[in-house]
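Report on the structure given below.
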Amino acid sequence: MDAVETMNKARSAPADTGKTPLIDIRNLRVTFPSGGAAPKTVLKGIDLAVKSGEIVGLVGESGAGKTTLARSILGVPPGPGRIAGGEVHFEGRQILSLSEAEFRRLRGRRLSVVVPNPRAELNPLLRTGDQIASMAKIHLGVNGKEARRLALQMLRDVQIPDPERRMDAYPHELSGGMAQRVVIAMALICNPAFVISDDATSGLDVTVQAQILALLTKLVAEQGSAMLFITRDVGITAHFCDRIAVLFSGEIVELAPREALFLEPAHPYTLMLLASFSHSPRLRDSWSVPDTSRRRELAAGCQYADRCPIAQPVCRERRPPFAENGPGHFARCHFPVRHG
Amino acid sequence: MRILAYLAKRLVFVIPQLLGIVLVSFLLVKSIPGDPAVLMLGPTATKEAIAALRQQLGLDQPLYIQFLIYVRNLMHGDLGTSWQTTRPVLDDLYQRFPATIELVTFSLLLAIIVGVTLGVLAARNPRGWIARVSDIYGLSAGALPDFWFALVLIFVFYTVLGWAPAPLGRLDVTIIPPSPMTGALTIDTLLAGDWQGFHSACAHLVLPVLTLGLVNAGPILKMTQSTMEKMLESDFSRYEVLCGVPQNLVVRHALRNALPSVVTIISVLYGFLIGGAVLVEIVFAWGGAGQYAVQGVLNADIYPVLGFVLFSAIFSLVVYIVVDLIYFLLDPRISN
């Protein structure tokens, strides 16, 4: 076992001691109205629990429902979407049944989100320092001066160059990487228990991406927060996630500890995902499916059946159970891939 | 400092803009059919008398000479003489323009209060009853002719209820007008400490201001509502919601982002209403500049018309410069 892994083990060790998870998402369902017809179900019963201090990766291609999940956990599903069912338990409360006023006080305070494309997400007319400070003013009840002090400290923590000057910069004066650091500062200034990173580094070039990720995970670990790390890039999750969930078409199709997912993926979709990142042409050829653009909603049965190379008739008829194949390793498949 | 440089850059263009406006309006006014000399002298005038007057007025000169004479007189502060009032146009406008500006300014303030408030509330809750009321209001305000609305208000509040004073000018006839300082009676009576006059001036303003204000709140309401809806759906508002920013603050930030569009429509209305209020001025016998200009157009009295166009143009230019300065202060992306 090499040094990095030892360190990772050490960090995730306290997480295993907690009995009740920090956040427990149960059978979360989100629907979008589709003009007269039956509403389209975008999240089809998500179950996911995260313990305190744990980092869980959530991988999925675009359209899988990643952002919908991130926003629905915060009670604000995107667009005309609606939370049709399910519960989110957080710090002992079912937060989806909270009043809007109570839920509002949690957002940004105990539960916060790091968004992608931050230059569009920051208010163009307000100075970055004021936007960061307003988080502290709203949620921690500190006065303006103290809030600015905290904001400046936070800008130092996110290692933005020349933080004093950036306090007075407007969003359009920041580079993409700097804006991403500002958004991280806003997400972490109130020391939240749970951070959702929603594809936070997409749109940044690779070197900046690596810096931002290292920074985000370091700060989250220092604060002792838990994180749901949402990304399109399964390769990133290998670096720091304790467990990884694979989202496909609004369903978690596989959930496993990191090593198990990468070494013994059980769901054919996961295997395909890993293969697409693989350098082995043999693996790529055998698992990549030519028809990836067409997607059909299957009322019953496995969502992946149309694209699955090993699908059987039963896959189109019956929804597979979310079965445990190894310790903490679940897959929603009738024919999980066997290894060894 | 940057704002001064910006202002200077803006002001450089004012002179050519004004010259252009004078030229175009001169040509347009000159193309109105009707010979002033004939109208001035009446139906019994002899040909010789008309020819003599034409020569005296410079009407026998070619158009460009007439224009040059007009511009040269302008430089000396001479806007010509109205043959109807037989007074210098400048004096007439000094008296009438403030009356119109006072009326239009108070009307616009009312329109802003009604339009922006309803627009923000409607955008805040797009499916609420205020949004529905706003939709109907926006439609009907666009469809109602203002002079008709003025007549309805006069009928209800003067004829039937007797709450409003008679729609015959800006003051009760029993009240001696204050010596003109600003020309706005509400301000002049206050400066003179004339409470009775102030009360009368305000009372006379109520119905015309209600008319113009409520009718022109429509476009402000529509613009505020649609821009606010867009801003509240934009990424930064959604992000603020995700960050737990209270709704009032989210709405306030969105309003600041929506403000440039709202300010634009307000400034356009302000310039437009100087002339556009004329029907309401006539209904209330306001004696404003719009009325004066229309009289000029109808009687081929060209100098009042040109003077009015010039004053309105200067007024609009000032408004637009102020608006540009507001943009400058509102949006750091412009000021950089």
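Just so it is clear: chains get the letters A, B, ... in the order the sequence lines come, proteins before strands, and each one is counted from 1.
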### Query
If you take all heavy atoms of A:Pro124 and B:Pro332, which pair is closest and at what distance?
O-CG, 3.7 Å
### Summary
From the list A:Glu100, A:Arg109, A:His139, the residue making the most non-hydrogen contacts under 4.5 Å with chain B is A:His139
### Message
Which atoms of B:Glu240 are under 4.5 Å from chain A, going by heavy atoms: the side chain, the backbone, both sets, or neither?
### Response
side chain
### Query
Step by step, would you call A:Met135 with B:Val245 a side-chain contact (heavy atoms from CB on, under 4.5 Å)?
CA-CA 8 Å; A:Met135 290 291 102; B:Val245 175; 3.6 Å; yes
#### Entry: Main-chain N/O of B:Cys243 paired to A:Arg107 side chain as donor or acceptor, under 3.5 Å
no
### Message
With no hydrogens and no angle check, just 3.5 Å: does a side-chain donor-acceptor pair link A:Asn117 and B:Asp235?
### Response
no
### Top contributor to chain B interface from A:Leu111, A:Val183, A:Leu74 [non-hydrogen pairs under 4.5 Å]
A:Val183
### Message
Is B:Leu249 close to chain A through its backbone or its side chain, or both, or neither, when contacts mean heavy atoms under 4.5 Å?
### Response
side chain
### Task
Tell me, out of A:Arg105, A:Gln131, A:Met186, A:Arg127, who's got the most heavy-atom pairs with chain B below 4.5 Å.
A:Met186
### Query
Can you check side-chain contact (heavy atoms from CB on, under 4.5 Å) on B:Arg238 and A:Val76, steps first, answer last?
CA-CA 9 Å; B:Arg238 213 180 41 203; A:Val76 205; 5.6 Å; no
### Task
Give, for atom NE2 of B:His253 and atom CG of A:Leu125, the distance between the pair rounded to the nearest 0.5 Å.
9.5 Å
### Query
CG of A:Leu122 to OH of B:Tyr239: how many Å apart, nearest 0.5 Å?
6.0 Å
### Query
So with a 6.0 Å cut-off around CZ of B:Arg252, is the heavy-atom count from everything else above 12?
no
### Summary
Most contact-rich option vs chain B, by heavy-atom pairs under 4.5 angstrom, among A:Ile138, A:Asn123, A:Leu106, is A:Asn123
### Task
Hey, could you give me the CG/CG distance between A:Leu126 and B:Asn257, rounded to the nearest 0.5 Å?
7.5 Å
